[in-house]
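Here the structure comes first, spelled out in structure tokens, and everything after it is commentary.
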Amino acid sequence: AAWTLVGQHTTAALTNAKIGLNATHYLDEVPEIPADFEYFELKATFPSFGVVHTEDFASPVLHSLWSWVREDPTHWSLTDNPGILRITTQEGGIVQTTNNQQNVLVTDAPAGDFQITTKVTFDPSANYQVAAIHVYKDDDNFIQLNRGYTGGNAVNFDIEIGGVFTSIQAQETATTIWLRITRELNTYSAFTSTDGAAWTLVGQHTTAALTNAKVGLNATHYLDDVPEIPADFDHFELVHNYALFLPAVLRNFW
């Protein structure tokens, strides 16, 4: 948590280098001792493409590589709950012919396979209050996994291609939940978790229509007589295919 600067070196000579760990001793009369490395973490600054890109919403200003579709600045905040992106629901949606949803947050997705994850705290109690993670091309072509209330507490894995909408639903009552969408070729899989460690598959959709799409977050309610409630997004993580589809042993090490 608390870090101390040791020093700095500057050089242009380390192009195409590798990174890793080592332990040794230099003298022959020195005893051998173990160095126990607990973990190794490689993280790129979000959202430059490398391995793992994480937005923790710690800044009071949204990163410049995010953008909004139909922004309403009165219904989102990084300061109401510091360290959290809060999107407050309001009337509107992007399902079928209803294409007026505000505060759809997007950033560029990498080419190829990827995985996006968020943790959201959301307590819906009225129909069509939803908080979602999404892959978004436009209002008629998207995939989203939401925690919502749709005839009851649920998670919904929605797809709309060319304005044609279908959804996979599973019961869910957790108010704090992790949502994840993984893309492998043209197959998108949705997962949920209540602890960020054990994941449950919600379902899969397959489509080739989401090329050059964006990824991000949204929260809304579709009906005009539904109360506005906050969706508190704790973070957003994008894993590029290089890390996502390493062999299992290496992936676990990372």
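What you see is a predicted model; the values in this text were computed from it and never measured.
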Can you tell me if [X] uses its side chain to pair, donor with acceptor, with the backbone of [Y] under 3.5 Å?
{"X": "H205", "Y": "F157", "result": "yes"}
{"X": "Q129", "Y": "P227", "result": "yes"}
{"X": "N127", "Y": "G151", "result": "yes"}
{"X": "R180", "Y": "T182", "result": "no"}
{"X": "N156", "Y": "D158", "result": "no"}

T176 and side-chain hydrogen bond (donor to acceptor under 3.5 Å, both in side chains): which partner among T121, T194, D123?
->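 Filter result, single survivor: T121.
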
Ring centres under 6.0 angstrom apart (H235, F57) = no

Kindly work out whether a path of hydrophobic side-chain contacts (I/L/V/M/F/W/Y, heavy atoms less than 4.5 Å apart) joins [X] to [Y].
{"X": "I87", "Y": "I133", "answer": "yes"}
{"X": "V215", "Y": "L210", "answer": "yes"}
{"X": "F122", "Y": "L179", "answer": "yes"}
{"X": "I143", "Y": "L238", "answer": "yes"}
{"X": "F233", "Y": "V69", "answer": "no"}

Among V95, I94, N100, find the residue that satisfies the side-chain contact (heavy atoms from CB on, under 4.5 Å) test when tested with T98.
->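 Output: one option passes, namely N100.
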
Partner residues of S193 under the side-chain contact (heavy atoms from CB on, under 4.5 Å) criterion, sequence neighbours left out |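 By the side-chain contact (heavy atoms from CB on, under 4.5 Å) rule, S193 matches W178, D195, W199.
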
Report the residues that fulfil salt bridge (charged side-chain N to carboxylate O under 4.0 Å, His left out) with D234, sequence neighbours left out, ordered by chain and then residue number.
-> none

Check whether any side-chain heavy atom of T97 lies under 4.5 Å from a side-chain heavy atom of F165, and answer yes or no.
-> no

Below 4.5 Å, heavy atoms only, C-beta onward: do R147 and N153 meet side chain to side chain?
->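 In short, these two side chains touch, coming nearer than 4.5 Å.
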
First locate atom CG of L105, then atom OG of S67, and finally report the distance between them rounded to the nearest 0.5 Å.
-> 7.5 Å

Please assess F40 against I19 for the test side chain to side chain contact (heavy atoms under 4.5 Å, CB included), listing each intermediate value before the final yes or no.
-> CA-CA 10 Å; F40 180 91; I19 55 178; 3.9 Å; yes

So which pairs with a foot in residues 207-226 pass side chain to side chain donor-acceptor pair (under 3.5 Å), sequence neighbours left out?
->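 Matches after skipping sequence neighbours: T89-H221, Q101-N218, D108-K214, H134-N218, Q144-N218.
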
Which is it for W66 and F236 under the ring pair (Phe, Tyr, Trp, His ring centres under 6.0 Å) test, yes or no, and what are the steps along the way?
-> CA-CA 11 Å; W66 286 110; F236 181 88; 5.3 Å; yes

